[in-house]
Amino acid sequence: MAVSVRVRIAPSPTGFAHLGTASTALYNVLFSRQNQGTFVLRIDDTDMERNRPEYEALIYDSLRWLDLGWDEGPDHGGPFAPYRQSERLDIYKEEAARLLKDEKAYRCYCTPEELEAERREAQMQKRPYKYSRRCLTTPPPGRTVFAVRFKVPGGEVTFTDMVRGHMKFDADLIGDFIIVKSDGYPTYQFASPVDDARMKMTHVIRGEEHLSNTPYQLMLIDALGYERPTAYAHMPLILAADGAKLSKRKHPESNLMLFKEQGYLPEALINYLALLGWNPGTEQEIFTFDELVRTFSFDRVQHAGARFDWEKLNWINGEYIRKLDDDELASRLQPFVPNLDPAIIKRAVPPLKTRMHKLAQAVDYLDYLWTDPPPPALDSATAERVRAAINVLKDVAWEPEPIEAALEKAVSESGVGKGKFYTPLRDVLTGKKVSLPIHYAFALLPKEKALSRLEQAA
RNA sequence: GGCCCCGUCGUCUAGUGGCCUAGGACGCAGCCCUCUCAAGGCUGAGAUCGCGGGUUCGAAUCCCGCCGGGGCUACCA
């Protein structure tokens, strides 16, 4: 029997949950589903300085919002618990001790300043920098603070990448790197492969920024005597408009919660993310999740980074909004217009549906319902027409169709065109130049309120 | 600096030697529809396939060089 697929994402809680995490999670879930595998969420919180528990909660919330659920994770455990690296410190200690005992690692007493000096020296001599191995050969006496360095065996490291094929790295170019920091915490470069191996990951699917890290991690897995994952997949990076990697620091717009707040539909974001860096080879652009599971494959993944295009996301989101049935759209709209009665939202949906790229735009169309616009100053001829509108509206049933019919009658009697007739009405009613079609704008507002706005202006 | 990855319309991409006068989508422009804004329909502009050399009857597709972008090279992850 084949070993069942196990994949993971390993975000670190050092800030808001970010787009790249969602993208990586998506590909992991897709691959896991295709193989009836297990999707693991591991929290890589070994950065004492930057980790915060509330950031971990943000990761959960964002992933759940996107419906990218995990089978094993810190919140509900699993056979390889714990899933938070800060709770696995004993494991890393034990593994580091093994390496030390086998002389595959050694203590390094160098200070950051000394290392910095080494690096500068190398740079001045225009020589590629590698740690000098001073502490391997001649450790400075009398020091107690140390980090642990891995003694890089060198040679050639090869592995299979599901998107790029066979990869080959020259490990002679890699210097001895630190696996345990002087505060006793493991580095990412150490904890990650240890956990991948011990948690029996069969495939590691992650962003391309980790491609060059892979030989480091493979050497460690080998040195520890663990079995290597059967394959890696390094996904193209999501780039910002300037072509640089989307980062938390430089690109606050990559915050997943912001997408939710603006009213992007999770399924639309998923669809867009799937298409960023991958394509099915057909002209299909809109996919259900199941279709993605069926058609996704690593051999059609792009090798180059892809810029995040808000315009295209907006289009896809609009497509999804238009496809929602009215009740569903109404309930998704509710959080964006919390002070509106659900019945009113339902009535607003049909005219609203084709006018939004994101749900938050509903506010622009509907806020006149709870905010009185300032009554505009009208010239006498215009005021006359507003009065004509009041006249026909007064006795009409307060529904879009009868309102429209009444208004059309008033227009034809007024001697001016619809545009000239409706524009001031829109202004009086909503205070805006753009609104829903005028009969809807009227019908959504209580009749007395609508007429009183008209009367005040006339 | 060293190593690695990458380079087709503004953007995401199709393309694996002849089907390419390079296809699609978003965006953009025009027209139609129309009370505004959308949605929808139609039409259109937009890429000498980063550059230069080869190989070949024939190259976006293969080879070499260069240039450009990105990533890694941390006691960040």
Side-chain angles (χ1 to χ4, degrees), chain A residues 10-14 44-47 49-51 85 108 110-112 115-116 119 122-130 145-149 161 164 167-170 173-175 177-189 191-192 207-216 234 236-237 239 241 243-245 272 275-285 300 302-316 318 322 351-357 361 364-365 404 407-408 411 417-423 425-427 430 432-439 441:
Chain A
S12 50
T14 55
D44 279 15
D45 54 348
T46 53
D47 185 345
E49 313 257 303
R50 298 193 297 151
N51 292 320
Q85 291 191 324
C108 175
C110 295
T111 64
L115 295 171
E116 184 49 40
R119 260 190 293 270
Q123 196 164 45
M124 262 163 50
Q125 295 175 216
K126 291 188 183 302
R127 152 175 71 77
Y129 175 69
K130 260 174 84 171
V145 177
F146 65 87
V148 179
R149 267 184 205 275
D161 189 290
R164 285 154 223 272
M167 301 298 307
K168 185 163 66 171
F169 286 85
D170 181 0
L173 268 16
I174 298 174
F177 55 94
I178 291 186
I179 56 175
V180 180
K181 305 178 228 176
S182 53
D183 64 4
Y185 271 67
T187 59
Y188 161 79
Q189 215 71 159
S192 183
E208 200 209 295
E209 71 262 40
H210 294 296
L211 187 56
S212 317
N213 289 152
T214 307
Y216 291 69
H234 290 96
L237 259 21
L239 274 21
K245 175 175 111 169
Y272 177 66
L275 250 24
L276 242 202
W278 168 84
N279 81 83
T282 64
E283 285 176 2
Q284 185 176 356
E285 303 264 355
R300 294 202 63 90
Q302 213 64 23
H303 295 190
R307 283 172 216 242
F308 193 86
D309 182 1
W310 290 90
E311 295 295 341
K312 181 120 185 198
L313 204 219
N314 286 341
W315 172 73
I316 288 184
R322 274 167 251 132
L352 214 43
K353 206 172 196 173
T354 57
R355 275 163 248 262
M356 294 183 296
H357 289 119
Q361 288 175 311
D364 297 330
Y365 283 107
E404 184 176 23
L407 250 19
E408 304 239 316
V411 168
K418 273 184 178 183
K420 188 145 188 175
F421 194 93
Y422 289 159
T423 301
L425 292 182
R426 186 186 332 276
D427 190 14
T430 69
K432 298 184 187 201
K433 296 220 171 344
V434 172
S435 80
L436 296 179
I438 197 73
H439 51 296

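Every heavy atom of this structure was used, including side-chain atoms; hydrogens, water molecules and symmetry mates were not. Labels below follow one simple rule: chain letters A, B, ... track the order of the sequence lines, proteins then strands, and each chain is numbered from 1.
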Paired with [N] by Watson-Crick or G-U wobble geometry, both distances under 3.5 Å: which nucleotide is it?
N	answer
B:rC57	B:rG18
B:rC67	B:rG7
B:rC49	none
B:rG40	B:rC32
B:rG1	B:rU73

Under 4.0 Å between any heavy atoms, over every strand shown, what does [X] touch: base, sugar-phosphate, or nothing? Just pick one.
X	value
A:Leu237	sugar-phosphate
A:Arg307	sugar-phosphate
A:Arg50	base
A:Ile178	base
A:Cys110	base
A:Asn279	sugar-phosphate
A:Gly318	nothing
A:Phe169	sugar-phosphate
A:His234	nothing
A:Leu275	sugar-phosphate
A:Gln123	nothing
A:Tyr216	sugar-phosphate
A:Gln302	sugar-phosphate
A:Gly419	sugar-phosphate

Between [atom2] on [N] and [atom1] on [X], what's the gap in Å once rounded to a whole number?
X	N	atom1	atom2	value
A:Lys418	B:rC37	NZ	P	14 Å
A:Asp45	B:rC76	CG	C1'	13 Å
A:Leu239	B:rG7	CG	P	13 Å
A:Glu208	B:rC72	CD	C1'	10 Å
A:Glu408	B:rU34	CD	P	11 Å
A:Lys126	B:rC3	NZ	C1'	17 Å
A:Trp315	B:rA39	CH2	P	12 Å
A:Met167	B:rC3	CE	P	14 Å

Go through the N and O atoms of the side chain of [X] and the base of [N], and report whether any donor-acceptor pair is under 3.5 Å.
X	N	answer
A:Arg426	B:rC35	yes
A:His210	B:rC72	no
A:Ser182	B:rC75	yes
A:Thr354	B:rA38	yes

Report task. Find which nucleotide of RNA chain B each of A:Arg300 and A:Val180 is nearest to by heavy atoms, and output the residue with the more 5' nucleotide. Result ->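 This one resolves to A:Arg300.
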**Report entry** A:Glu285 or A:Gly243, whichever maps to the more 5' nucleotide of RNA chain B
**Finding:**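 The answer here is A:Glu285.
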Between [M] and [N] - [atom1] atom distance, rounded Å:
N	M	atom1	answer
B:rG17	B:rU56	C1'	9 Å
B:rC64	B:rU55	P	15 Å
B:rG69	B:rC57	P	38 Å
B:rC9	B:rU13	C1'	11 Å

Query - Presence of salt bridge, A:Lys418 and A:Glu408, under 4.0 angstrom - result: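 A salt bridge is present here (some side-chain N lies under 4.0 Å from a carboxylate O).
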So, taking the atom named [atom1] in [X] and the one named [atom2] in [Y], what distance separates them when rounded to the nearest 0.5 Å?
X	Y	atom1	atom2	answer
A:Leu407	A:Tyr422	CG	OH	4.5 Å
A:Gln302	A:Asn279	CD	CG	6.5 Å
A:Asp45	A:Thr14	CG	OG1	10.5 Å

Requested in this report: Give the minimum heavy-atom separation between A:Ala441 and A:Ser435, together with the two atoms involved.
Outcome: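 What the structure gives for the nearest pair is CB-OG, 4.3 Å.
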Side chain of [X] only, heavy atoms from C-beta on: which candidate in [options] is closest?
X	options	result
A:Arg322	B:rC4, B:rU36, B:rG40	B:rG40
A:Asp47	B:rC75, B:rA39, B:rC76	B:rC76
A:Ala304	B:rG2, B:rA77, B:rC6	B:rC6
A:Asn213	B:rU36, B:rG40, B:rA77	B:rA77

Side chains of [X] and [Y] in contact at under 4.5 Å (non-hydrogen atoms):
X	Y	value
A:Thr214	A:His234	yes
A:Tyr365	A:Val434	yes
A:Tyr272	A:Asp309	yes

Query - Presence of A:Thr46 side-chain N/O under 4.0 Å of B:rA77 phosphate oxygens OP1/OP2 - result: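 Yes, because at least one side-chain N or O of A:Thr46 sits under 4.0 Å from OP1 or OP2 of B:rA77.
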Query - Side-chain N,O (A:His303) to OP1/OP2 (B:rC6) below 4.0 Å - result: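 Yes, within the criterion.
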**Report entry** Plane angle bin for A:Tyr188 and A:His210 - parallel if under 30°, tilted between 30 and 60°, otherwise perpendicular
**Finding:**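 The arrangement is tilted - the two ring planes meet at 30° to 60°.
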